[in-house]
Amino acid sequence: GLRDLRERRRADRLLRAILEGTAAQTGEAFLRALVKNLAAALNVRCAFVSVRLHPPENRARALVFWDGAGFAAPFDYLLEGSPCAVVLAQGELVARSGARSRFPRDSKFDEIGAESFFGMRLQSTSGEPLGVLAIVDVNPLTDEVTTRTVMRIFASRAAAELERIRATALLAESESRFQEIFRKAPEYMTLVRTRDETLLDVNETFERATGYLHDEAVGRTSNELGLWADQHQRDATFRVLARDGRVNDIDFMLRRRDGALRDNLLSGVTLDIAGERCYLFIASDITARRTAESALRESEARLRLVSEGLPAMICYIDADHRYRYANRRYREFYAGSDASIDGKTVEQVLGVDSWEAARENMLRALSGETINYVGKRRRRANGSVRDLEISMHPHRDDTGRVLGIYSLVLDISRRRRAEAALRLRERALEASSNSITITQATPDGQKIVYVNPAFERITGYAAAEVIG
């Protein structure tokens with residue numbers, strides 16, 4: 001009874017002494033005041049707060065360390081072989097005496113001449129281990145009960161301050177990353193106060209895009225700077241942003257300081273920064289892209305005009321064997337004059353038999369070969385059979401991957417008929433029993449270009465003697 005009363009009174013005195021020394025402090029200042037007053041109140045040489053490092057997981061940092069004469073500079077140490085590793089794992093460690101011999105690998109214990117140690121785990125509100133609050137002395141620990149009572153009370157406050165310090169550091173790191181991204185972003189970014197639409201901040205890309213320096217833009221509105229070429233579009237965009245909290249991919253014309261107009265694509269979002277409701281705008285100059293798109297459309301239109309007028313059949317087939325383009329002659333030949341074949345498979349357009357005949361060559365072309373073949377027969381849309389000359393050329397991307405094939409198809413049926421007729425005439429001339437001579441008019445007179453075998457028999461002249 002009397003002993004318990006004395007211990008409670010002593011604990012109360014120690015708590016009041018520590019509270020008086022730490023009451024006005026927060027954050028790291030509180031931790032420094034805590035360990036200094038804790039060491040004085042418990043009459044021990046050292047007191048410290050250490051935190052776990054992430055990463056590496058096997059190290060800790062003595063954030064504040066009172067060594068009896070002053071504060072040591074923060075230092076990192078290995079958890080393995082240290083009493084702090086036990087505290088983090090078990091929640092508490094008491095070494096009433098023999099601390100140095102119990103932890104021979106702890107160089108700090110050797111330096112201090114540690115005899116006793118008492119440590120408690122500091123943990124977050126979610127139960128995550130944060131670090132350790134501990135005392136170390138050169139004498140044995142004599143009043144464990146009072147020491148535990150005091151340590152337990154201040155361990156909770158120390159853990160709360162560690163959480164505050166960590167949250168503040170994370171917030172500062174996040175703000176720093178945001179500022180770095182904001183400043184160096186390739187798109188131009190602006191921060192606008194919602195209540196008066198004043199520009200609070202602009203990044204470096206904004207300066208280059210508009211011609212206005214940071215200090216010339218901040219504190220003014222986009223209206224005052226005349227950044228929007230279309231005032232009605234600007235007002236409508238701000239109304240939608242105020243109503244929905246965001247806008248996406250607004251195509252607008254930006255007016256630079258020098259009066260030049262540039263195509264831009266803008267998105268915006270509403271957010272709170274330091275208690276101020278703001279709009280964050282991100283925009284990119286797409287003038288070059290729009291110019292390139294316009295040039296591409298014109299080029300494609302010219303190419304389509306040319307390809308539509310060519311006597312050859314032209315098509316593009318993707319890697320899935322689907323048509324992505326076919327000119328007029330190709331469509332007329334395979335599907336009829338009014339039919340569309342875009343998106344259809346080659347098998348659907350050619351039919352099963354013709355597809356099977358073309359399949360091997362098409363697969364070779366899609367694997368990267370240039371294919372040319374003659375004499376394959378394809379059935380036209382009107383049912384007739386024609387002789388075709390077909391070329392297939394792979395289309396590759398920048399990495400060399402085949403995306404599809406371009407195919408050029410020529411109907412050579414008429415040429416084949418003409419060649420057959422010519423061969424027939426040649427055989428008739430060769431077989432004739434009459435002497436036949438073919439001449440060609442030249443500036444020097446008529447020259448013999450052909451004689452048949454009958455001529456050689458009747459005249460006695462060989463063909464080589466008279467031709468030319």
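Under the salt bridge (Lys or Arg N to Asp or Glu O under 4.0 Å) criterion, Arg102 pairs with no residue, sequence neighbours left out. By the ring pair (Phe, Tyr, Trp, His ring centres under 6.0 Å) test, Tyr188 is found to be paired with Phe206, residues two or more places apart in sequence or in another chain being considered. Residues satisfying the salt bridge (Lys or Arg N to Asp or Glu O under 4.0 Å) criterion with Asp320, sequence neighbours excluded, are absent altogether. For Phe48, the ring pair (Phe, Tyr, Trp, His ring centres under 6.0 Å) partners at least two apart in sequence or on another chain are Phe65. Legend: residues meeting salt bridge (Lys or Arg N to Asp or Glu O under 4.0 Å) with Asp285, ordered by chain and number and at least two apart, are Arg262. Every salt bridge (Lys or Arg N to Asp or Glu O under 4.0 Å) that Asp76 has, sequence neighbours left out, goes to Arg61.
Note on ring orientation: taking the six-membered ring where Trp is involved, the planes of His395 and Tyr406 are tilted (angle from 30° to 60°). Note: Phe117 and Phe109 have tilted aromatic rings, judged against thresholds of 30 and 60 degrees for the angle between ring planes. The aromatic rings of Phe281 and Phe238 sit tilted, their planes meeting at an angle between 30° and 60°.
In summary, the side chains of Thr198 and Arg220 do not present any donor paired with an acceptor at a separation below 3.5 Å, with no hydrogens or angles considered. For the 3.5 Å distance criterion, the side chains of Asn372 and Glu389 fail to qualify, holding no donor opposite an acceptor.
Contact detail for Val202 and Val218: the closest heavy-atom pair is N-CG2, 4.3 Å.
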